[in-house]
Amino acid sequence: MTTITFGKAINEGLRRALAEDDKVVLMGEDIGTLGGVFRITDGLKAEFGEHRVVDTPLSEAGIVGTAVGLAYRGFRPVVEIQFDGFVYPSFDQIVAQVAKLHYRSRGTVRMPIVVRIPFGGGIGAAEHHSESPEAYFTHTAGLRVVACSNPADAYVMIQQAIASDDPVIFLEPKRRYHVKGEVDLDANLADARPMGVATTVATGDDVTLVTYGALVQVAKDAATAAAEEGVSIEVIDLRSLAPVDYATIEASVRRTGRLVVAHEAGEQGGVGAEIAASITERCFEYLEVAPVRVTGHDIPYPPAKLEQYHLPDLDRILDGVDRAMGRPNSLSDISEVDA
Amino acid sequence: MTTITFGKAINEGLRRALAEDDKVVLMGEDIGTLGGVFRITDGLKAEFGEHRVVDTPLSEAGIVGTAVGLAYRGFRPVVEIQFDGFVYPSFDQIVAQVAKLHYRSRGTVRMPIVVRIPFGGGIGAAEHHSESPEAYFTHTAGLRVVACSNPADAYVMIQQAIASDDPVIFLEPKRRYHVKGEVDLDANLADARPMGVATTVATGDDVTLVTYGALVQVAKDAATAAAEEGVSIEVIDLRSLAPVDYATIEASVRRTGRLVVAHEAGEQGGVGAEIAASITERCFEYLEVAPVRVTGHDIPYPPAKLEQYHLPDLDRILDGVDRAMGRPNSLSDISEVDA
Amino acid sequence: MTPSDREATGLLTRPDDLVRLLDATGGRHANPEFDPWIADVDLDALVDLHRDMVVVRRLDAEATALQRQGELGLWPPLAGQEAAQIGSARALHDDDFVFSSYREHAVAWLRGVRPDELLSVWRGSAASGWDPFEKRMAIPQIIIGAQSLHAVGWAMGARWEETTAASISYFGDGATSEGDVNEALVFASSFDAPVVFFCQNNGWAISEPVGLQSKQPLARRADGFGMPGIRVDGNDVLAVLAVTRWALDRARRGEGPAFIEAVTYRMGPHTTADDPKRYRTDDDLAAWRERDPITRLHALIAASGADMDAVDADAKAAADRAAAELRAGLTAIPDPEPMSVFDHVYAEPNSHLERQRERYARYLAMFDEEGER
Amino acid sequence: MTPSDREATGLLTRPDDLVRLLDATGGRHANPEFDPWIADVDLDALVDLHRDMVVVRRLDAEATALQRQGELGLWPPLAGQEAAQIGSARALHDDDFVFSSYREHAVAWLRGVRPDELLSVWRGSAASGWDPFEKRMAIPQIIIGAQSLHAVGWAMGARWEETTAASISYFGDGATSEGDVNEALVFASSFDAPVVFFCQNNGWAISEPVGLQSKQPLARRADGFGMPGIRVDGNDVLAVLAVTRWALDRARRGEGPAFIEAVTYRMGPHTTADDPKRYRTDDDLAAWRERDPITRLHALIAASGADMDAVDADAKAAADRAAAELRAGLTAIPDPEPMSVFDHVYAEPNSHLERQRERYARYLAMFDEEGER
Ligand SMILES: Cc1ncc(C[n+]2csc(CCOP(=O)(O)OP(=O)(O)O)c2C)c(N)n1
Ligand SMILES: Cc1ncc(C[n+]2csc(CCOP(=O)(O)OP(=O)(O)O)c2C)c(N)n1
Ligand SMILES: [Mg+2]
Ligand SMILES: [Mg+2]
């Protein structure tokens with residue numbers, strides 16, 4: 001076990017993947033000489049050469065589109081999208097090509113492509129630098145979508161994503177890059193928890209709180225705070241957003257009868273909608289109350305000085321928990337009728 | 001009242017908008033000389049000239065991006081995306097520019113752009129010609145998303161969309177283009193139902209069936225069929241997918257206690273997820289059962305000979321109704337536990 | 001001997017320059033720059049090229065007929081583009097890789113694609129027809145221009161792996177307006193990718209004339225992206241063969257990508273769903289019929305004193321065989337199993353899709369029991 | 001008199017050709033083609049241009065300092081690009097419209113953008129700073145290349161409305177690799193849009209040298225898209241002014257778009273968050289310091305026998321005033337109201353957002369009552 005930052009953990013995971021399989025290539029803007037604007041690929045070009053860690057021209061469709069061609073040749077491209085807000089120019093290549101080629105080719109062409117995306121807000125950045133685009137991808141058949149929340153998971157999950165024969169959208173909560181944690185760099189991947197399985201990071205009996213990425217830490221803090229008020233929260237780190245590990249969530253909700261889902265992305269059509277709808281379908285009779293969603297507003301990401309009024313934080317999550325628990329909360333005094 | 005096809009109704013709506021406001025311009029591939037591959041813009045270039053009905057180079061980002069510039073100049077561009085599957089190259093311009101510019105410019109720059117998209121399947125087309133991309137847009141703050149289901153609505157709604165100062169994704173169920181219906185070409189728009197309001201197209205007491213686009217007709221047929229079996233279905237044509245007219249749906253579900261949502265798009269993260277989650281939040285105590293979703297599978301759109309096994313049809317919708325009613329259905333013999 | 005990039009690029013400053021070795025009447029024109037590239041093409045080779053073109057024209061006509069008969073859902077005819085497709089495809093090596101659009105049936109035919117593999121997708125029976133790795137040709141691309149980036153990525157890999165294989169990307173005149181094609185040119189140049197951009201300028205993008213996409217020869221695009229661009233008479237199979245060999249050769253030798261604009265004409269509709277009468281005149285068509293790619297090669301062969309009855313008989317026989325194979329192939333296409341709709345979405349197990357599949361199987365099972373509801 | 005497109009385009013076949021009227025030492029070089037375009041630039045005008053550059057360099061330095069002091073979240077310095085931005089912006093008419101990226105602070109300054117309007121977005125206080133219609137300049141664009149299409153659309157409209165206004169699109173060397181910029185060239189040419197593509201080739205796209213985007217002068221891209229392209233010394237304010245005037249003039253006269261590559265250098269970091277030491281050497285920097293845009297104009301003015309003490313004093317005074325205004329402007333930027341996070345998402349009422357807004361207001365109200373939880 002060594003203690004390293006979240007960013008370093010991904011860097012080590014990439015290093016190991018590059019070392020173990022020479023078909024693995026990294027591509028992206030500024031990832032080589034500079035080591036990426038977040039330094040996630042720091043040192044890798046020097047170590048593996050410019051044909052393994054490739055600085056590309058400034059074109060996201062070009063990066064993903066050439067990655068498709070490389071996959072056609074048997075490579076396992078790991079592309080970096082510099083910031084979440086810059087993934088859209090490559091949307092067509094991701095949705096119409098990467099996601100669909102295995103199906104369209106009747107299983108003959110595999111797309112073991114990983115699209116790394118630093119996502120989410122909380123760093124006071126300029127516009128287009130704090131987006132949470134995950135729902136666009138979870139709604140896209142053919143893709144797998146994962147989000148890691150801590151260094152240990154990041155180190156293992158990036159390698160699992162690269163090893164996957166299906167394309168993976170790999171979401172990295174950028175505001176956690178500098179957080180440190182214990183990582184076992186010699187961990188045997190075979191023993192690791194599959195990336196499709198969620199993790200219960202705090203056990204509780206009163207309410208099930210599901211989230212992913214940067215909000216996992218906030219959710220854990222909320223559980224601690226709620227405990228003091230006598231509310232026992234079970235926190236589930238989703239890890240895989242598509243497919244979702246419903247077995248883990250269902251087992252928890254059957255016990256608690258209450259579900260809160262939190263994410264930074266907007267509410268309308270967000271991942272929370274799918275989980276709320278699916279859990280309602282799967283264990284309606286166990287639910288004491290309607291699943292509660294605590295999300296970013298349905299607005300373009302606001303300027304830095306307003307992001308604190310957009311992002312779900314400890315208090316907003318606790319307010320959501322209070323709604324689920326029927327305790328006094330921001331909506332106590334309105335019946336759903338006039339809401 | 002005159003009886004015209006769905007496609008002709010849109011054509012007449014566009015003609016009227018072009019005649020009434022010379023800031024309205026139509027742009028797209030093959031929309032001028034050819035009148036569009038579906039002939040929706042037939043005759044309009046000849047009538048209004050090549051600067052009002054513009055054949056553009058083959059580039060969707062170019063079409064939407066130049067439309068943004070035209071909007072900056074006070075134009076009201078109506079762009080046609082030839083088929084649903086070709087909207088993705090313009091995704092960045094739609095999501096990062098069209099949807100966000102009013103917010104980013106603090107209300108100074110309006111984006112009265114209409115993006116017309118023939119959507120959905122059922123016409124035995126080649127790949128990329130039968131997509132249902134609506135959820136990508138309903139999850140995008142700043143956009144309005146509407147889908148029309150009949151000639152009369154199509155004629156009015158296209159004009160309302162063009163009159164809207166907010167950008168509108170206008171979804172046209174292509175398999176209905178040739179269906180005829182009564183349209184009042186002299187209708188006074190001021191008296192017309194706002195495009196944000198849903199329509200109850202069949203009244204019923206047992207279950208509320210919500211859908212949009214091409215499935216509205218299928219839902220009406222389902223209601224007729226179910227009536228024979230003594231099941232009374234209330235069918236709501238959503239019309240606006242963002243925002244959703246929850247008042248209408250809630251009022252119905254409060255009476256029926258049962259909700260079924262149907263759409264061609266995949267289930268995971270589809271519009272049905274949002275409606276199921278929102279209705280559960282808004283009237284949990286009125287629900288007898290969990291909202292049921294009847295949707296396309298979470299797969300890339302299949303080849304023509306398989307689309308009948310992908311698209312929700314009368315039988316699949318009735319099966320969903322049976323699930324909601326607790327009548328024998330495809331899942332009767334499995335408890336949700338092992339499902 | 002190969003022309004240097006400068007010379008090749010030079011051509012483009014004289015837009016009307018068109019590489020043509022064989023004129024519309026079958027006259028053979030000497031071209032010091034490109035003749036060497038077809039020095040090996042003797043009479044037998046000419047006859048083979050002629051046969052190829054006669055065969056694919058026949059296949060195309062048969063497929064169009066099959067669509068009219070309702071056997072196919074749609075068909076994008078290649079009529080008129082036989083020389084552009086045969087000439088370029090004949091220049092390929094077995095280990096090269098093709099990334100095409102939806103109209104390159106002749107290329108697929110030369111890559112060994114079987115009739116049933118060619119038709120299944122247009123019949124609506126399968127998402128695609130052949131194994132790309134067996135034929136060394138990707139499945140056809142309908143998203144305009146997208147395949148050009150795939151061809152470049154494949155070629156980047158070929159270079160990194162130090163092979164001598166090259167890729168070729170087929171796309172149309174309309175495709176040159178898409179961002180993807182332009183980004184492909186940027187990446188290809190930046191990484192010296194061994195890729196040939198083969199643009200069939202058939203004059204139209206559905207109803208839009210090429211002039212709407214570009215006011216000047218498309219080959220001129222190449223220079224600005226740091227690669228040679230050549231305009232070739234796309235109805236001259238010899239010129240196309242020579243120019244494509246030249247481009248592939250320099251790519252293999254590490255000299256990077258090249259752009260070829262094959263000027264040809266789409267004699268038929270965009271697809272069987274299209275009605276060209278709405279946007280172009282018969283005069284257009286008549287003018288191009290004069291430049292038929294097959295007639296002119298036929299004339300050259302005749303001029304060489306070959307026994308034309310034999311040549312024609314042989315070509316017709318081959319075409320008849322191919323047509324018969326095509327019809328036989330059609331019947332060999334199985335209707336897909338309902339549950340196969342779920343196959344190949346993922347390469348690995350996927351809990352969500354498996355649940356959906358299992359539930360849909362239960363749904364279908366109801367009917368086996370009940371029959372019609 | 002205006003050079004014909006052919007001549008302009010001709011320049012590009014000699015890549016090393018760079019339009020330069022003022023060399024690094026302040027030497028004035030005659031240029032029959034472009035001198036006429038600055039015939040009106042007398043000594044006073046030279047002094048004005050010098051003052052402009054001194055002022056914006058100072059503003060840029062002040063803003064950089066403010067970021068270091070934590071007053072701004074981020075700042076993308078323009079240092080080194082003063083001539084490219086001042087020269088081009090001075091060529092604009094009031095009714096022209098600017099579509100820029102995030103680095104054109106000097107252009108904004110000349111369009112009348114106030115300091116508080118310039119800084120608010122970088123302070124994180126507002127989504128954008130100014131009214132685009134008041135300044136005839138769109139809000140800055142961070143999505144690389146996206147604004148180029150907006151500039152073309154605006155220009156298409158200007159032509160359809162038969163005005164003589166033109167638009168100018170500013171973007172960088174890296175942006176030329178994005179599909180949007182290439183599609184913008186296609187549309188501009190196809191519709192003869194009165195737009196000038198002004199590419200500031202400052203040598204770098206963050207850490208990537210321009211050579212990774214293109215192996216040859218970016219101006220050569222233009223010809224392939226059917227418009228003239230010109231390379232100009234981006235550190236020569238006179239050449240930039242002349243060339244931009246020429247391009248705008250022909251655009252106004254209906255001759256269509258033109259592409260200008262202004263060769264300059266980003267003397268500072270990409271943004272205040274960047275560390276150039278990781279990817280470039282000091283020699284680079286030193287070499288470009290020799291080509292400073294201000295020094296050379298200063299030398300020319302001095303050579304003309306002007307009273308340089310007065311010139312410098314005047315420039316310094318103007319810079320001091322601007323710097324003071326900037327600091328004052330900073331304090332004039334209000335912190336946004338929490339609930340304003342919901343403002344301007346839509347231009348019309350939106351039931352969903354209103355419900356969300358109303359509920360969030362209730363949430364915030366809890367704290368006013370309870371204070372901290
Ligand atoms: C991204 C995208 N936009 C639009 C279409 C619809 N479409 C199909 S073919 C075609 C014209 C293509 O013209 P060209 O590139 O010249 O190829 P050709 O058909 O002439 O061989 C269009 C617009 C598409 N398939 N993909
Ligand atoms: C679509 C998109 N991709 C990536 C980025 C991240 N990014 C910001 S600036 C930049 C480099 C731009 O270089 P250039 O176009 O030369 O402009 P310069 O910064 O040199 O003025 C990059 C890659 C972005 N803003 N937008
Ligand atoms: Mg064409
Ligand atoms: Mg630059």
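Quick caveat, the model's predicted, so the values are computed rather than measured. Throughout, protein chains are lettered first and strands after them, A, B, ... in sequence-line order, and every chain is numbered starting at 1.
- Per-residue counts of heavy-atom pairs under 4.5 Å with chain D were compared for B:Ala71, B:Ser59, B:Gly69, B:Pro112; the largest is that of B:Gly69.
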### Task
Evaluate the criterion side-chain contact (heavy atoms from CB on, under 4.5 Å) for residue pair D:Trp154 and B:Leu70; output intermediate values, then yes/no.
CA-CA 5 Å; D:Trp154 190 95; B:Leu70 283 159; over 6 Å; no
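- Contacts of B:Ser278 with chain D are absent, with no heavy-atom separation under 4.5 Å from either backbone or side chain.
- Residue contact with chain D, scored on non-hydrogen atoms closer than 4.5 Å, is absent for B:Ala67.
- No other option in B:Ala242, B:Pro77, B:Ser164 has as many heavy-atom pairs under 4.5 Å with chain D as B:Ser164.
- Counting heavy-atom pairs closer than 4.5 Å to chain D, the top-ranked of the candidates B:Gly142, B:Ser105, B:Ala96 is B:Gly142.
- In this structure, the side chains of D:His150 and B:Gln93 come closer than 4.5 Å at one or more pairs of heavy atoms.
- For chain B, the nearby part of D:Asp343 is the backbone; its heavy atoms alone come within less than 4.5 Å.
- Counted within 6.0 Å of CG on B:Asn188, heavy atoms from surrounding residues, nucleotides or ligands total more than 12; the atom is thus considered enclosed.
- No side-chain heavy atom of D:Val345 sits under 4.5 Å from any side-chain heavy atom of B:His102.
- Side-chain contact between D:Phe133 and B:Tyr72 is present, with heavy atoms from C-beta onward closer than 4.5 Å.
- Of the atoms belonging to B:Leu143, it is backbone heavy atoms, and not side-chain ones, that fall under 4.5 Å from chain D.
- For a residue to count as touching a neighbouring chain, one of its non-hydrogen atoms must lie under 4.5 Å from one of that chain's; by this rule D:Ala155 does not touch chain B.
- For a residue to count as touching a neighbouring chain, one of its non-hydrogen atoms must lie under 4.5 Å from one of that chain's; by this rule B:Phe75 touches chain D with the side chain only.
- With a 4.5 Å cut-off on non-hydrogen atoms, B:Arg104 touches chain D through its backbone and its side chain both.
- Between B:Pro57 and D:Phe191, some side-chain heavy-atom pair lies under the 4.5 Å cut-off.
- For chain B, no part of D:Pro336 is nearby; none of its heavy atoms comes within less than 4.5 Å.
- For chain D, the nearby part of B:Asp92 is the side chain; its heavy atoms alone come within less than 4.5 Å.
- Between the side chains of B:Gln97 and D:Gln147, no donor N or O sits under 3.5 Å from an acceptor N or O.
- Between B:His51 and D:Trp160, the ring-plane angle classifies as parallel under the 30° and 60° cut-offs.
- Interface remark: B:Val54 contributes side-chain atoms only to the contact with chain D (heavy atom separation under 4.5 Å).
- With a 4.5 Å cut-off on non-hydrogen atoms, B:Met111 does not touch chain D at all.
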